[in-house]
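By convention in this document, chain letters (A, B, ...) are assigned in the order of the sequence lines, proteins followed by strands, and residues within each chain are numbered from 1. The figures that follow rest on heavy atoms only: side chains count, while hydrogens, waters and symmetry mates do not. The structure displayed is predicted, hence computed values, not measured ones.
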Amino acid sequence: MDKTEHKLPALAPKSAIPNSLNSLLQDLNDEQRLAVTRTDGPLLILAGAGSGKTRTITYKIAYLIGQGICRPENVLAVTFTNKAAEEMRGRVERLLETLESPPLVSTFHSFSVRVLRRHAGLLGYGSDFAICDEDDQKSLLKQVYDELKLQDNLVPIKRTRAVISRAKNQGCSPESYLEGSADPDAPIISSAFKVYQRRLKEANGMDFDDLILLTVQLLSEHDKVRERYASTYKYLLIDEYQDTNLPQFELVKHLASVHGNISAVGDEDQSIYRFRGADINNILRFERDFPGAVVVKLEQNYRSTQTILDAATGLVSHNLKRKGKKLWTAGGKGESIDVFPAESPEAEADFVSRSIYQFQKDSKDRIAVLYRTNFLSRQLEDALRRLQIAYRLLGGVSFYSRKEVKDALAYLRAVRNPNDDISLARIINEPARGIGKTTLDRLWEEARQKHHSLWQTIKEALTSQALPGRAHLALEKFVSLIEVSAPVLESPLDQALRGVLQASGYIQALEKQETEEANERLLNLEELVTAAAEHVQQGLGMTDFLDNAALYSDTDEYDQNASVLLMTLHNAKGLEFPVVFIIGCEEGLLPHSLSVEADDLEEERRLCYVGLTRAQKKIYLTFSKRKRFNRGDVYENSKPSRFLAELPQHLLRDLSARSFQPARAGSGIAPSKTYNTPDSVRHFLEKKKAAPGGFVKGALVQHNDFGRGRVLDVQESGEDLKITVQFPGIGIKKLLQRYAKLKLV
DNA sequence: TTCAGAAGGATTTTT
DNA sequence: TCCTTCTGAA
């Protein structure tokens, strides 16, 4: 790009600009500074991996506000994850020491919720609409299947859900989806889609896709609302623009329709969300969509060694659909990229965990292990535990998707709005209170015919005495439970939550079970109450609490302090680590077999590219020559990923000659490791007075490596205290119970 | 209506 | 291998 064409504005220091901002601008290279200081009209920042993307946006926000170009409330920055938003918010606040009000940094989804909470009425929704996650969608679809007399085995609900979501992300209605689809099941899916959408609206619910779609609908149908938002946000900044899908693009267009000051940052080589409708053409087409756009390319990489960059560029240059850019770094050549072909998946995990063990002996560098599919983490977790290496897993079952947590939240929703069918159905017989399948089927049938909510139907059935005595009584009790609980919501959120859980008998039912599992659930509920209390302290209400719970994702728990992180390649985007392992570099896994069939090879390649460019210093690529077939001990040969062959071969080093002794129990390989009680643990524990030394069962603790955990047991042994602490979220629940009991001595 | 035991199915990636 | 769903008995 010709730099002379756009002269850099002189950096006239005004008194309004904090000095720090001024000196920050001096730090930037010419392109970055241009990207930061150009404040008129559309701007596309094509940023390579590790080129300081986030930094550029953050500085830009600070620049706009610090220079007095606009007020904080006139800036809207959009990211894809809550985590990214949070981080950016923090950075902006640090840059601008004196800020009356913070600029809005938000994800597409949470921004949409914010707008919809205000204007849902215009679209025929109540403003207390519920946000449905995948589970809710599936249970709603189950009812749709009942209504349509569809068999699950004809078209699996899971598939229907995915197809509907995809259609919505492409902006399709049930009808337009049917027209455009070659799928033989399309007529069935389309009819389910139609009923699903109707029922969802009747239940005053929105799924994730609706959040965006309905916001777009709102802005396009209501000129006043659009103008209001579009003129409020004088400056619009969109991160990861290559991941926007059609509805998101339309949202952006609406928001930019008054001022047109949109800055989009993206990297077409990192577009990895096509499955959720992300359209790489959005970024390729930017200059056409926003005429007069200036394009800035950030090609200098500040993250990786030249070797890593060459490898990554070499790989992704096999893709045809890209604008092309040449990454370079002022840094050194760095180490070779090591490839380890393992004999078996176990050997692969063994290699990785031992290498990590070695690394940790002489450095504190953070290490990431990346993989294509979540289940690949398991064998590795086992291996890491054998060596007692602390790690943190992203993904899997998140706190807010646990059954008991979702039940508790459903109680809150149902009490607040009993006509919320989805929540009501979730808890009507949880704990079991004699409202069984037969009764519910009858009620649903009734509700369906009259187009009434489940709640209405129940009340009608009670007045008309239409049900057998036992069911009648059970329903009467349930109705009064919900009605009696309503005033409880007036009290502070944490108390309300506790009250509802008590009144419903949920807590008591768990307590009665006296199993380890029930106990864990109780502790989780306790943690939820704590979280609610924290929300209250931040001055947030119930709606915010529920929204956050719904939009919360595992990535958001990412903990800067853990030194070994396990996550999918998707989750790794936007992060960086000194050392990166990419495991499972096999045909069928990376690229994934389903993607090869669907001809999404380029996306898989980009995914691999994303993985490679996370690394600052060192990359290991591993694969197994054999893989275990579904069940049993049958092994099958597997081929190394074609991407390994596409990498520039001179950058690779084959480690197959290096062999490790196989791990044997009791051979002294597993080092005994003592964890000192971190200060934060003491801090937490000492607040509660009870048990020996102030340590108490069930207390929440914070550990540097594992994040938040809980004290399971406290025993005195001689002069020492033996405290058993459990850290949830580390692995699959069962494994967790077996292994993740960490002794803090 | 509920619980327990058995059989069968599953594995892409996420807000 | 593990988890979910189905089936039948109390």
Side-chain angles (χ1 to χ4, degrees), chain A residues 78-85 106-113 131-134 137-138 142 152-153 156-159 162 165-166 168-169 206-213 240 243-245 247-248 271-278 345 370-379 382 394-395 397-398 400-401 403 429 431-441 468 470-471 474 513 547-548 550-556 567-573 584 588-598 600 603-604 606-608 610-611 627-634 732-735:
Chain A
V78 183
T79 62
F80 270 78
T81 63
N82 292 310
K83 173 68 199 164
S106 144
T107 64
F108 274 110
H109 290 87
S110 43
F111 174 76
S112 299
V113 170
I131 302 170
C132 301
D133 66 7
E134 220 172 296
Q137 288 182 290
K138 278 185 202 151
K142 214 170 193 171
D152 185 26
N153 51 20
I157 285 188
K158 231 180 136 179
R159 173 146 176 267
S165 173
R166 204 179 166 121
K168 286 169 93 165
N169 277 322
M206 301 182 187
D207 61 24
F208 284 133
D209 309 316
D210 284 334
L211 295 177
I212 313 283
L213 284 171
E240 310 282 12
D243 285 331
T244 50
N245 59 30
Q248 284 163 337
S271 165
I272 54 175
Y273 283 103
R274 209 172 88 153
F275 69 91
R276 92 181 174 202
L370 309 180
Y371 36 80
R372 175 70 228 271
T373 62
N374 274 310
F375 80 99
L376 279 175
S377 69
R378 284 204 203 164
Q379 50 181 332
D382 282 341
L394 278 83
V397 183
S398 93
Y400 284 99
S401 56
K403 181 183 183 308
N429 202 28
R433 48 170 75 86
I435 305 171
K437 193 173 179 299
T438 326
T439 314
L440 274 176
D441 278 351
R470 208 150 54 129
Q513 283 182 32
D547 286 350
N548 281 342
L551 298 174
Y552 186 93
S553 81
D554 292 330
T555 323
D556 306 336
M567 67 186 91
T568 62
L569 287 161
H570 284 89
N571 269 322
K573 194 157 77 157
L589 283 176
L590 182 67
H592 196 277
S593 49
L594 291 174
S595 294
V596 176
E597 284 161 28
D600 279 336
E603 175 135 330
E604 295 288 304
R606 288 192 292 268
L607 198 50
C608 190
V610 167
K627 70 175 158 216
R628 208 200 299 260
F629 208 54
N630 278 348
R631 56 196 102 159
D633 285 329
V634 188
I732 312 296
K733 193 170 60 197
K734 291 274 170 182
L735 289 175

**OP:** Can you measure from NE2 (A/H109) to CG (A/L211) and round to the nearest 0.5 angstrom?
**Re:** 6.0 Å
**OP:** To the nearest Å, give me how far apart CG (A/L211) and C1' (B/dT14) are.
**Re:** 14 Å
Original post:
Counting side-chain heavy atoms from CB outward, which of B/dT13, B/dT15, B/dT12 is closest to A/H592?
Top reply: B/dT12
**OP:** Please determine, for the side chain of A/T439, which listed nucleotide (B/dT15, B/dT12, B/dT1) has the closest atom?
**Re:** B/dT1
Subject >> Distance in angstrom units between A/F108 CZ and B/dT14 P, rounded >> reply: 19 Å
Original post:
What residue among A/D243, A/D600, A/N245 forms side-chain hydrogen bond (donor to acceptor under 3.5 Å, both in side chains) with A/R274?
Top reply: A/D600
Original post:
Across the strands shown, which category fits A/Y273 at heavy-atom distances under 4.0 angstrom: base, sugar-phosphate, nothing?
Top reply: sugar-phosphate
Subject >> Nucleotide nearest A/K158 when distance is taken to its side chain, options B/dT12, B/dT11, B/dT14 >> reply: B/dT11
Original post:
CD1 of A/I131 versus C1' of B/dT15: gap in Å, rounded?
Top reply: 11 Å
**OP:** Spell out, as yes or no, whether a donor-acceptor pair under 3.5 Å connects the side chain of A/R606 to the backbone of A/S271.
**Re:** yes
Subject >> Pairwise C1' distance for B/dT12 and C/dT5, with rounding to whole Å >> reply: 23 Å
**OP:** Send over the distance from A/N245 CG to B/dT14 P, rounded to a whole Å.
**Re:** 16 Å
**OP:** Give a yes or no on this: more than 12 heavy atoms of other residues, nucleotides or ligands lie within 6.0 Å of atom NZ of A/K138.
**Re:** yes
Original post:
Distance from A/F108 atom CZ to A/E240 atom CD, nearest 0.5 Å?
Top reply: 11.0 Å
Subject >> Length of the line joining A/L440:CG and B/dT1:P, which is rounded to integer Å >> reply: 9 Å
Original post:
Taking atom P of B/dT11 as reference, at what distance in whole Å does atom OH of A/Y371 sit?
Top reply: 17 Å
Original post:
Counting just side-chain N and O atoms, does A/T568 come under 4.0 Å of either OP1 or OP2 of B/dT14?
Top reply: yes
**OP:** Choose from B/dT14, B/dT15, B/dT12 the nucleotide whose nearest atom is closest to any side-chain atom of A/R372.
**Re:** B/dT12
Subject >> Rounded distance (nearest 0.5 Å) linking atom CZ of A/R276 with atom CG of A/D209 >> reply: 9.5 Å
**OP:** Would you kindly give the CD-to-C1' distance between A/E134 and B/dT11, to the nearest whole Å?
**Re:** 14 Å
Original post:
Within this structure, what is the CD-to-C1' distance between A/E603 and B/dT14, rounded to whole angstrom?
Top reply: 12 Å
Original post:
Expressed as a whole number of Å, how far does the C1' atom of B/dT13 sit from that of C/dT4?
Top reply: 22 Å
Subject >> Base of B/dT13 and ring of A/F275 stacked, centres under 5.5 Å, planes under 30° >> reply: yes
Original post:
Toward the 5' end of DNA chain B, which comes first, A/I435 or A/H570, by nearest nucleotide?
Top reply: A/I435
Original post:
OP1, OP2 of B/dT11 versus side-chain N and O of A/N374: anything below 4.0 Å?
Top reply: no
Original post:
Contact class for A/S110 (heavy atom, under 4.0 Å): base, sugar-phosphate, or nothing?
Top reply: nothing
**OP:** Tell me what A/N429 touches on the nucleic acid: a base, only sugar-phosphate, or nothing, going by heavy atoms under 4.0 Å.
**Re:** sugar-phosphate
